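A quick note: this is a predicted structure, and the numbers were derived from the prediction, not measured.
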Amino acid sequence: MYWYGGWAWMTFMPLLWIALIVLAVWAVIRLTHATTGGASHRGHGWADGEPRETPEEILDRRYASGEIDTDAYTEARERLAAHRPRPR
């Protein structure tokens, strides 16, 4: 009486566990990718399909919005220029 349809459960249960494991792995990858902002694309200058802002663009935007004054802007520009990697 307890073994009625046992072969069907023996086939279904491993498939269910495989599906659950795949779902869990997908969820972890999706969540870690979302929290890092698309780390796999950062080396190419793209995150989530949008171009990544350069430090100079961020500085220009902050200066234009009034977050920083002229002295801070000039000093930051000089520091960025001094630490810019040189092309090979």
Side-chain angles (χ1 to χ4, degrees):
M1 176 171 17
Y2 293 108
W3 295 101
Y4 181 72
W7 63 272
W9 284 109
M10 287 177 59
T11 304
F12 177 70
M13 289 306 287
L15 293 175
L16 178 66
W17 279 107
I18 290 170
L20 287 174
I21 290 169
V22 168
L23 180 65
V25 169
W26 174 82
V28 168
I29 290 171
R30 177 80 176 184
L31 289 173
T32 57
H33 183 72
T35 58
T36 59
S40 63
H41 299 294
R42 282 193 178 180
H44 302 292
W46 295 86
D48 298 328
E50 296 291 324
R52 190 176 70 164
E53 281 186 297
T54 64
E56 289 84 1
E57 291 171 337
I58 294 170
L59 185 61
D60 291 343
R61 180 175 40 83
R62 291 185 65 201
Y63 180 66
S65 68
E67 290 181 43
I68 57 176
D69 61 359
T70 304
D71 294 333
Y73 175 79
T74 306
E75 181 182 337
R77 268 290 187 182
E78 290 171 358
R79 285 185 180 181
L80 286 173
H83 291 90
R84 167 119 352 246
R86 295 181 181 151
R88 293 180 184 191

Output the distance between atom [atom1] ([X]) and atom [atom2] ([Y]), rounded to the nearest 0.5 Å.
X	Y	atom1	atom2	answer
Ile18	Met13	CD1	CE	11.5 Å
Asp69	Tyr63	CG	OH	8.0 Å
Ile68	Glu75	CD1	CD	10.0 Å

- Message: Please say yes or no: joined through hydrophobic side-chain contacts below 4.5 Å, possibly via intermediate residues, are Phe12 and Leu20 part of one cluster?
- Response: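 Shared cluster, yes.
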- Within the side chain of His83, is there an N or O that forms a donor-acceptor pair under 3.5 Å with the backbone of Arg79?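 Yes.
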- Query: When you check the side-chain N and O atoms of Asp60 and Tyr73, is any donor under 3.5 Å from an acceptor?
  - Reply: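 Asp60 vs Tyr73: donor-acceptor pair found between side chains.
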- Query: How would you list, by chain and number, every residue that makes a salt bridge (charged side-chain N to carboxylate O under 4.0 Å, His left out) with Arg30, sequence neighbours excluded?
  - Reply: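 Listed in chain order: nothing, the list is empty.
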- Would you check if Leu59 and Thr54 make a side-chain contact, meaning some heavy-atom pair closer than 4.5 Å?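 Contact flag for Leu59/Thr54 side chains = no.
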- Nearest heavy atoms of Glu57 and Glu53, plus distance in Å: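 Shortest heavy-atom contact: OE1-CA, 3.3 Å.
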